[in-house]
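Report on the following structure.
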Amino acid sequence: MAKIAINIATGSLQQAEMIVGIDLGTTNSLVAIIHPETKKPVALREHNSSSLVPSVIHFDENGNITVGEDAKNYLETEPQNTIFSAKRLMGKSYNDIKQNASFFTYKVIDNNDESLVKVQVGNQFYSPIDLSSFILKELKARAEHILKTPVTKAVITVPAYFNDAQRQATRDAGKLAGLDVLRIVNEPTAAALAYGLGASSNSSKGGEENSQTIAVYDLGGGTFDISILQITNGIFEVLSTNGDTYLGGDDFDRAIVKHWMEQLSIENSQLTTEVKQGLRLRAEEAKKHLSFNDAFTASFNGNDISITKEQFENLIQPLVDKTLQSCKNALKDAGLQPGDIETVVMVGGSTRVPLVKQSVSKLFGKEVNDSVNPDEVVALGAAVQADILAGNNKEFLLLDITPLSLGIETMGGLMDVLIPRNAKIPAKAGRQYTTQKDGQGSMRIAVYQGERDLVKDNRKLAEFNLTGIPGMPAGLPKVEVSFLINADGILTVKAKELRSGVEQSIEVKPQYGLTDEDVEKMLLESITHAKDDIALRALVEAKTEGEQLLATTENFLTKNTSLISKEEMMATAAAMQALQLALTMDDKNLIQTKTEELNEVTRPFAERAMDAAVGVALKGKVL
Ligand code: AMP
């Protein structure tokens with residue numbers, strides 16, 4: 001019997017409702033539930049077969065779709081019709097993936113723009129969301145077959161580095177597959193949950209603080225994440241995250257393929273796609289063999305191929321070193337030393353490689369924790385999360401963080417951060433803005449993610465127009481822009497004009513194609529360009545101030561001619577001209593000086609005008 005008894009007191013779910021945990025992986029995917037009797041998470045499997053469903057999709061000439069092990073069999077023979085690593089394409093444009101384009105043996109449409117990539121199979125086009133939904137549909141069907149009950153609700157995990165658009169894409173894929181996605185959870189957070197880390201039964205009772213700092217090292221087939229989590233009295237907090245969305249066991253396989261091609265003295269161009277794919281599968285076999293043996297030998301297309309464990313370790317050492325550098329960066333971001341980490345959790349099939357385990361253990365100066373199957377641990381944690389949502393498990397609370405700052409574009413193309421990087425989520429922030437022009441009826445709100453001072457160097461997530469602002473002089477409307485990141489890490493942006501009460505609910509559609517860039521690269525760039533960025537920001541701010549002063553002065557002159565003498569008018573015109581000229585040059589000090597000079601010239605009659613206005617306002621009023 002696979003029914004979960006739901007705590008009726010929570011009132012949020014029907015009794016016997018099944019919520020599954022899904023690890024939608026780059027290489028493999030799987031489903032887990034909390035066992036109704038043991039109350040422990042278990043991965044679902046048919047009889048004695050593997051719980052892992054290869055994330056591979058095959059299309060036959062009639063459009064029939066096969067997912068999993070059967071589809072994997074076509075990787076060699078029908079590479080054009082067999083899609084693998086679709087997760088790598090989630091939320092990406094062709095420009096994002098073009099330097100890795102040769103990795104995909106199927107047709108990824110090169111439309112040379114920023115829109116979301118599509119994959120072509122025969123005359124059909126599929127988005128990565130469609131492709132992921134095929135995998136999820138298959139997982140749903142398998143789970144229903146095993147559990148003999150409908151499965152409509154799920155918790156799905158994503159890499160910690162997935163941005164908002166990629167999280168939303170995963171949610172959409174779930175919806176297409178007929179699943180109500182109750183929560184998107186970071187994979188490392190799920191892994192920690194599966195290890196039971198942070199359950200209140202593990203923490204001290206009686207109000208005494210019990211805090212533990214752990215590192216989750218996740219090296220799968222296609223991605224690498226390191227997360228530093230702090231767990232205090234059952235409360236999870238992600239202190240920092242780092243990683244590389246283009247690093248995993250697939251790279252180990254490619255290193256072996258390259259080694260063999262050198263061994264056989266063959267060039268890449270001499271091989272057919274089928275042969276390359278065949279070599280890739282052989283390389284994966286060799287890699288797995290070398291996790292437990294010292295050498296691998298085989299024959300491939302009549303040639304002898306071999307590799308020793310030592311050769312393999314030399315090949316992958318630079319890749320492992322890259323992961324260690326990410327670990328150091330994550331520690332630095334969290335303000336910690338390796339010795340501060342009490343538990344290191346290993347996740348992902350590639351952590352079975354002995355060199356990986358040894359290197360991570362050496363860095364943190366302690367044995368790594370690998371007792372839970374590294375292929376299943378994320379799905380098991382997703383099942384634990386599902387149980388928490390179902391109200392059955394009250395031992396955990398979850399807090400996550402934003403990996404990059406979120407903000408909007410302000411005058412001069414500057415980034416105005418509303419929610420800073422590493423803020424705890426759920427998070428909420430709001431700020432007021434105003435109009436630049438008299439009678440301005442709409443305001444463009446462009447949402448960006450990143451650490452640079454100018455929005456052009458960050459990632460654009462969305463853009464919309466708040467319309468219907470009633471006609472008012474510039475600077476009078478008060479537009480409140482609010483950001484809300486919910487517990488799933490999904491961002492909602494709202495804008496409201498406060499004076500008139502005009503409120504428009506605006507749906508923000510993430511611009512998938514524009515959103516992908518490696519987080520680590522962005523952070524690094526923000527450090528490299530910090531000095532230039534500060535100087536540029538100061539220049540942009542000076543220019544904006546100068547431009548605003550010019551506009552207000554012009555406006556003032558047309559409305560108040562009677563208050564200004566001829567001399568004053570001429571002096572003002574000269575000062576305006578000087579400032580206009582300064583604005584065409586990128587010299588911050590010159591712009592500031594000319595702005596100040598114009599201010600000086602206009603100050604006396606501005607004050608006179610103010611007095612006159614007050615006089616008019618007071619006339620006829622009973623005091
Ligand atoms: P995951 O994305 O977590 O499913 O990890 C899949 C990756 O783990 C693939 O690159 C597999 O080749 C790799 N993997 C699985 N088992 C082993 C093993 N015994 N030794 C080395 N790598 C493995």
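Just so you know, residue 1 is the first one in the sequence shown, and it goes up from there. Atoms within a ligand are numbered from 1 in the order they appear, just like the ligands themselves. Values below: every heavy atom of this structure, side chains too, minus hydrogens, waters and symmetry copies.
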Considering non-hydrogen atoms of the protein only, which is the closest contact for [atom], and what is the distance?
| atom | value |
| --- | --- |
| atom 11 (C) of ligand 1 | E284 OE2, 3.3 Å |
| atom 16 (N) of ligand 1 | R352 NH1, 3.2 Å |
| atom 21 (C) of ligand 1 | S291 OG, 3.3 Å |

Donor on one side chain, acceptor on other, S133 and D130, under 3.5 Å: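 Checked: S133/D130 side chains show no N/O donor-acceptor pair below 3.5 Å.
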Distance-only donor-acceptor check, side chains E367 and S361, under 3.5 Å: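 Absent: no donor and acceptor within the cut-off.
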Aromatic ring pairing F252/F312, orientation class (parallel under 30°, perpendicular over 60°, tilted between):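 Ring orientation, 0 to 90° scale: perpendicular.
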Whether over 12 other heavy atoms sit under 6.0 Å from K107 NZ: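 No.
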Atom CD of Q270 with >12 non-hydrogen neighbours under 6.0 angstrom: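 Buried by this count: over 12 neighbours within 6.0 Å.
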Flag [X] as yes when one of its N or O atoms lies below 3.5 Å from any N or O atom of ligand 1, and as no otherwise.
| X | answer |
| --- | --- |
| G221 | yes |
| K287 | yes |
| G349 | yes |

Sub-4.0 Å heavy-atom contact, S350 with ligand 1: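 A heavy atom of S350 does come that close to ligand 1.
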Whether F252 lies under 4.0 Å from ligand 1, heavy atom: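 Heavy atoms of F252 never come under 4.0 Å of ligand 1.
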Per-atom contacts of ligand 1 with G220, taking only distances under 4.0 Å to non-hydrogen atoms: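 Here the atoms of ligand 1 in question are 1 (P), 2 (O), 3 (O), 5 (O), 7 (C).
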